[in-house]
2 protein chains.
Amino acid sequence: MDMTRRDIHNSEVPALCRSCEVRHKGMCGALTPDELLLLSKHTRQVQHTSGDELVGEGADVESYDNVMRGVVKLSKTLEDGRQQIVGLQFAPDFVGRLQAGESPMTAEAASDVEVCRVPRAMLERLVEQSPTLRKRLLEQALRELDEAREWMVTLGRKTAAEKVASLLLLIALHLDPEQKGEKRLFDLPMSRLDIADFLGLTIETVSRQMTKLKADGIITITANRHIEVLSLTRLKARCG
Amino acid sequence: MDMTRRDIHNSEVPALCRSCEVRHKGMCGALTPDELLLLSKHTRQVQHTSGDELVGEGADVESYDNVMRGVVKLSKTLEDGRQQIVGLQFAPDFVGRLQAGESPMTAEAASDVEVCRVPRAMLERLVEQSPTLRKRLLEQALRELDEAREWMVTLGRKTAAEKVASLLLLIALHLDPEQKGEKRLFDLPMSRLDIADFLGLTIETVSRQMTKLKADGIITITANRHIEVLSLTRLKARCG
DNA sequence: CACTGGGCTTGATCTTGATCAAGGATGGAC
DNA sequence: GTCCATCCTTGATCAAGATCAAGCCCAGTG
């Protein structure tokens, strides 16, 4: 039984992190009322604006974040500055490498982001004592692993046109899974440079491919980041 | 505390899977003697020769494999046949997507391989009852996730020359971590086509880059797959 | 309003790696 | 041994995408 992000979000386990004063089910959903109460005393709701760094590559892990709203991008950088985005985290994902002293990558707010921050010691204590939480975290790790491997196919074997289509599809499906039908309207949570860094391309190539999708009547671009997908089917057909 | 593959292999937990009549610590190391005894009654040692498929993409997951010897490659294929290798599994890695009805990718023996095969129902029962095993599996999932993301940087942002150097380095360090000093002697566990599919390149490009590394005195190629790295430092310097 | 700067698009040209095409090694079958 | 198939290398050419170079759009500022 494969739990999707949606399933986790909608699961029936009651969860209320008091310091955040909201229900967030990504992590808390796995906890007992007692554990939740304990957790609540240590969590802190934090707002980030686009571009803020949550954790730096190689920095000591001090805390973990449960994404409540917005999109967090995970990236790695080579010595000479070449950058690759290795993952996007949407609500209610959990950000932060467990069981590691230092973060293997940078986590940065792609859009304005709201997170529930848990101190490292606290979370590790909970992970230690809660098998349910470990199970939930294993599920997320396995899902992220699937997503990373899926993306490796995109990076290694798809053309620029297919890469751009794949990213638009990914975002369209993640940002508002509620929208039905063939059309999707959304704001890109990232700049052209971010897109290029995610796809292993340059901004110019991304721009040209977006223009082409527009010319072919598959999307319309209202503002730079305001996208409407006119036909999901035709978009999927371009994903390779 | 980050457990490396080596640490797991060398951990002090006693483990003996009776049907295999060998200690294999990747998975069994996390079990109690009672659980191990139970497991032993259901495992089966299986030999595969290079090219054998362990699990097909989209096939129902019937069992899981603990790699004992050799290298298993994980790959995904697009409809039109383009293939991407998304991971290599060395002993004592565990092969098989937990908590999924069907495998998201193909697992294939890259070299001759020996595995300890556990029926699905059996493993799921053990995972359910053993928090230690879940912890061990979470560790492997997190390590694989790190490796996958590291490889995304290689796929997305490195040149052909850097990609080939990175793969040789990866294999040199994995296959025999005992070898010390600047030199490494090993057999490539994969064909030029496999290498190309791992790196998102063509066989011709791989071949040219290997020739270049040889010409530059960084490796010698005895037979097609018999490689000696003459200077790890100089190889690392080419990894980008 | 004009000015500025950042992010995006578009065009011209160049480079890297793909593609097409031969030919060379290696190993198994007979 | 010869034949054959498979895998690998090398060379010539091509094309996808990078790079270089303007110019555009738009929000923010004075």
Side-chain angles (χ1 to χ4, degrees), chain A residues 49-51 73 78 80-84 108 110-112 154-168 187-216 219-227 238 240, chain B residues 49-51 73 78 80-84 108 110-112 154-168 187-216 219-227 238 240:
Chain A
T49 53
S50 178
K73 64 179 208 227
L78 295 172
D80 62 4
R82 281 176 284 176
Q83 193 177 57
Q84 176 68 45
E108 190 181 320
S111 60
D112 286 352
T154 300
L155 285 173
R157 287 298 181 211
K158 291 190 185 176
T159 64
E162 291 167 339
K163 285 178 176 181
V164 171
S166 300
L167 180 65
L168 289 180
D187 284 313
L188 277 179
M190 57 207 311
S191 67
R192 295 290 187 273
L193 181 59
D194 285 335
I195 296 176
D197 283 342
F198 199 14
L199 298 171
L201 299 171
T202 58
I203 50 172
E204 293 95 332
T205 300
V206 171
S207 180
R208 282 184 243 272
Q209 295 303 333
M210 300 273 287
T211 304
K212 184 143 200 309
L213 284 171
K214 188 171 64 174
D216 293 351
I219 61 172
T220 51
I221 308 180
T222 323
N224 275 340
R225 300 207 183 177
H226 200 67
I227 303 285
R238 301 218 168 188
Chain B
T49 52
S50 177
K73 63 179 210 227
L78 295 173
D80 62 5
R82 281 176 285 175
Q83 195 177 53
Q84 176 67 46
E108 189 181 321
S111 61
D112 286 353
T154 300
L155 285 173
R157 287 299 180 209
K158 291 190 185 178
T159 64
E162 291 167 339
K163 285 178 177 181
V164 171
S166 300
L167 180 64
L168 289 180
D187 284 314
L188 278 179
M190 57 208 309
S191 67
R192 295 291 188 272
L193 181 59
D194 285 334
I195 296 176
D197 283 342
F198 199 15
L199 298 172
L201 299 171
T202 58
I203 50 171
E204 293 94 331
T205 299
V206 171
S207 182
R208 282 184 243 272
Q209 295 303 333
M210 300 273 287
T211 305
K212 183 142 199 309
L213 284 172
K214 189 171 64 174
D216 293 350
I219 61 172
T220 51
I221 308 180
T222 322
N224 275 339
R225 300 208 184 176
H226 200 66
I227 303 285
R238 301 218 168 189

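Proteins get letters first, then strands, A, B, ... in listed order; numbering begins at 1 in each.
- Distance A:R225 CZ to D:dA27 P: 13 Å, rounded to the nearest Å.
- In plain terms, the two heavy atoms of B:G156 and A:Q84 that are nearest each other are CA-OE1, 3.4 Å.
- A distance-only check finds a donor-acceptor pair linking the side chain of B:R82 to the backbone of A:R157 [under 3.5 Å].
- With rounding to whole Å, A:E162 atom CD is found 14 Å from D:dG17 atom C1'.
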Legend entry - Evaluation steps, side chain to side chain contact (heavy atoms under 4.5 Å, CB included), between A:L188 and A:I195: CA-CA 9 Å; A:L188 277 179; A:I195 296 176; 3.8 Å; yes

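- Using a 4.0 Å cut-off on heavy atoms, the residues of residues 188-195 of chain B that approach DNA chain D are B:S191, B:R192, listed by number.
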Inset, instruction - Report the C-alpha distance between A:S166 and A:R238 in whole Å, list the side-chain angles of each, state the deciding distance to 0.1 Å, and finish with yes or no for side chain to side chain contact (heavy atoms under 4.5 Å, CB included). - result: CA-CA 8 Å; A:S166 300; A:R238 301 218 168 188; over 6 Å; no

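- Taking atom CG of A:L155 as the reference point, atom C1' of D:dG17 lies 15 Å away to the nearest angstrom.
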Inset, instruction - Any chance you could list the contact pattern along nucleotides 11-26 of chain C? Use B for base contacts, S for sugar-phosphate-only contacts and - for none, protein heavy atoms under 4.0 Å, 5' to 3'. - result: BB----SSBB------

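- Salt bridge B:K73/B:D197: absent, no basic N to carboxylate O contact under 4.0 Å.
- No donor-acceptor contact under 3.5 angstrom links the side chains of B:T220 and B:K214, judged on distance only.
- B:M210 places a side-chain heavy atom less than 4.5 Å from the side chain of B:I221.
- Rounded to an integer number of Å, the gap from A:I221 CD1 to C:dG7 P is 18 Å.
- Inter-residue side-chain proximity for B:S191 and B:R225 is flagged as met; some heavy-atom pair is nearer than 4.5 Å.
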